[in-house]
A.B. asks: 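Once you've had a glance at the structure underneath, I'll fire off some questions.
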Amino acid sequence: MTLATNSPDLLLAIRNRAHYTRGVSDDLLSPRPSTPAHDHLAGLNEEQRLAVETTEGPLLILAGAGTGKTRVLTTRFAHILLEGLAWPEQILAVTFTNKAAREMRERVSAILEKPVEGLWLGTFHSLCARMLRQHAPRLGLDRQFTILDADDQLRLLKQIMVAEKIDLKSAPPPQLLHHIQLWKDRALLPEDITAAHDVDFMNGRARHFYALYQTRLKELSACDFGDLMLHMVTIFRRYPEVLTQYHRRFRYILVDEYQDTNTIQYLWLRLLAKRDTQQPANIACVGDDDQSIYSWRGAEIANILRFEKDFPGAKVIRLERNYRSTPRILSAASGVIAHNEGRMGKTLRPGLEGEEGERISVINTPDSDDEARVVAETIRSLHGKNQSYGDMAILIRAGFQTRPFEESLMRSGIPYQVIGGMRFYERAEIRDGTAYMRALAHPADDLAFERIINVPKRGVGNIALSKLRQNARDRQLPLQATLQEQLAQGMIKGKAAATLSEFMACFDRARETLAKQGHVVAVEQLLEESGYLTMWREDQRSVEAAGRLDNLREMLRAIGEFATLEEFLEHIALVMDSDQLQNDTNRVSLMTLHAAKGLEFKTVFLPGWEEGLFPSQRSLDEGGQAALEEERRLAYVGLTRARERAFILHATSRRIYANWQDSIPSRFIDELPDEHVHVSEPTRKQNAAFGKSFWRRSQSSPASTTSFSRPLSVKKQIIVPLGATVKHSRFGEGVVLKADGERLTVNFEEAGMKTIMANFVEVVS
DNA sequence: TGGCTGTAAATTTTT
DNA sequence: TTTACAGCCA
């Protein structure tokens, strides 16, 4: 079961994004609405107040989990404006996510009791894009550059490698791309790469491909995400007058999540903050070294550790009073994180008077299915005690852990939402849709055009495409223009000739419409006439087709929120985040620990605390001690999400893909202070999860697996009799026609024939 | 060209 | 287990 059911909700989110209407509120910390001006400092504790009022000079605010970081940052922002220290356009405020930016904008407006205009507030990338739209010509780049997504990047790189006759197996393109990205994250241009940087991959040839890749990007007048930062830093370095212009503009700089900055973001900030004069910059960075969990994305925890050296005279303020969690949870989290060495040092203290709270429950289960079952049972029992589903979350280390939980939650009839995973703009239909738009708006955008030339099928295969590509390359023309020419000259034969002529005619007509009737009508017409919408309408086979059409319809509506196609495309490339969390929905949240940063729940379940999974063996193999510390920070992040209760689980045997693996409890469990832990005996309530249903368990011995070492658990198989009537959450009721183990073929009254896993249905009769 | 079949591989993913 | 992709044949 994927999120496909929820996709219209996701799509609704796009529209909201344009208006900045939503945000997460942590009630205790939110400023009370309708406070009169200058009351904005009321309710801040001493350190928070100091952090707000220390406006001049470099400042590092070390804000532990739940210490009111966001409140301090937004109040500080408002304070600067209210005190008349600067105009909104003189403040640069940088965040990592669009969600954080949106939230900050909303909260500042709330304090000021009016919308603030003219802010330079956004993510590193959106701010850089904004700057680069102005200065791109300095680097010989078109101001109208397109921003490529990850998929485009990979396709482009693959093409280059194929053209250079590289064996894609021995040198996987994703790995090469990763190397290039890491170089960009470190502000290294192709010419900066020396043999010393480039020894571990492709025999030192990687930099050659980096150079080719950059050249090709320029030819396409395109930027990838890394380029947005890289180009701006290059411009700042080469053209000091551009930098000076920004120095004059920005009087205050605010940076959120400083512990997650990578080298190039750090350089960008430093360039903007350091002036020629002796006067220190007014740069305030907020962060928590204990919550740095993105080193694998190039984040340099060193940036925060050496802040005082980078900005001499910097003040450091620690926010340690936690208003979120019970004292026990804080002590447990502190006990774990204390095992790390490279820390700034900081101890969370309870900010509110209150009970000590419950101990952390550590629960061992025989296997991963039992683990999921125990979690579902506990959720049900807590819900019976008046705890709302929305107050609970299951935080996992890796994506593959989701499945058993989805199954157990569904079986228990617990409403849940999966946060993260496939993001909105990653959906095939949305990417196709935007590719159509890009090809419409930018006839030279070859990557977009390639994506859609044969979607729906127009008889263009690999061979035809590579011929076209070759031809375009020879003539130095974009694909669209080349194709037009070839069609005009009758160089394309057979079925493809007619379909492609019609395809190109669609674009011509849509461009006319674009000029006359605006972009919404034009895009709709293009998707209609090109047969793209029809393709999904006629797709009877896939269950998702209807959802995809819904998504596309929502996308069309979303385009209307923007004045031009260009604006929409910029938005979808930069601002489209997976902001799926809706606090008002009464569902259990299931997400990775990474996705949980910044959120909080009354009850948190932390499954899979086993050596190898958490800490992840793979991380440890790659990063050694430093990686172990990062895993430990992840544990800390997980624990500190909980307000009242935390359950840690570990299974003796875990199914990973096909086979069972035995595992021992995570070392992080040993690191929890005993006095705050309660170890539960393994519970085995065989039938509880299934109630009075018709499920039967077969005792089929696990002959196919090698698990001599799993004496406690027997492979469970759900058997549904042929002819039984079953009920599915989406498809309604239907009759089982065929059963192949757990794989059922069901004829649903409404939805027709579907093949479906037994655990997704409930037996009715 | 495109559909079928067998094989290898499988973290985390703010933009 | 699922998924992606290369290689094969109609």
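Note that the structure is predicted; figures quoted are calculated from it, not measured.
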A.B. asks: Of the nucleotides B:dA10, C:dT2, B:dT15, which one has an atom closest to the side chain of A:Arg618?
C.D. replies: B:dA10
A.B. asks: Rounding to a whole Å, what distance do you find between A:Lys457:NZ and B:dG3:C1'?
C.D. replies: 10 Å
A.B. asks: Could you give the CG-to-P distance, from A:Asp149 to B:dT14, as a whole number of Å?
C.D. replies: 14 Å
A.B. asks: What's the closest nucleotide to the side chain of A:Ala398 if the choices are C:dC5, B:dT12, B:dT14?
C.D. replies: B:dT12
A.B. asks: Where the side chain of A:Arg297 is concerned, which of B:dA10, C:dT2, B:dT15 is the nearest nucleotide?
C.D. replies: B:dT15
A.B. asks: Look at A:Lys184 together with A:Asp224 and state whether they make a salt bridge at an N to O cut-off of under 4.0 Å.
C.D. replies: yes
A.B. asks: Select one nucleotide: of B:dG3, B:dT14, B:dT12, the one nearest the side-chain heavy atoms of A:Tyr294.
C.D. replies: B:dT14
A.B. asks: What residues, two or more places apart in sequence or in another chain, satisfy side-chain contact (heavy atoms from CB on, under 4.5 Å) together with A:Arg133?
C.D. replies: A:Phe145, A:Ile147, A:Glu570
A.B. asks: What is the distance, to the nearest angstrom, from the CG atom on A:Asp621 to the C1' atom on B:dT12?
C.D. replies: 15 Å
A.B. asks: Where the side chain of A:Asp260 is concerned, which of B:dT15, B:dA10, B:dT14 is the nearest nucleotide?
C.D. replies: B:dT14
A.B. asks: Taking 4.0 angstrom as the limit, do A:Asp445 and A:Arg438 come out as a salt bridge?
C.D. replies: yes
A.B. asks: Can you check whether A:Asn98 has a side-chain N or O nearer than 4.0 Å to OP1 or OP2 of B:dT15?
C.D. replies: yes
A.B. asks: Could you state the atom-to-atom distance from CZ of A:Arg397 to P of B:dT13 in whole Å?
C.D. replies: 9 Å
A.B. asks: Rounded to whole Å, how long is the line connecting atom CD of A:Glu257 with atom C1' of B:dT15?
C.D. replies: 14 Å
A.B. asks: Can a salt bridge be assigned to the pair A:Glu406 and A:Arg403 using a cut-off of 4.0 Å between side-chain N and carboxylate O?
C.D. replies: no
A.B. asks: Starting the side chain at C-beta, find the nucleotide from C:dC5, B:dT15, B:dT13 nearest to A:His125.
C.D. replies: B:dT15
A.B. asks: Using whole Å, report how far CD of A:Glu407 lies from C1' of C:dT1.
C.D. replies: 10 Å
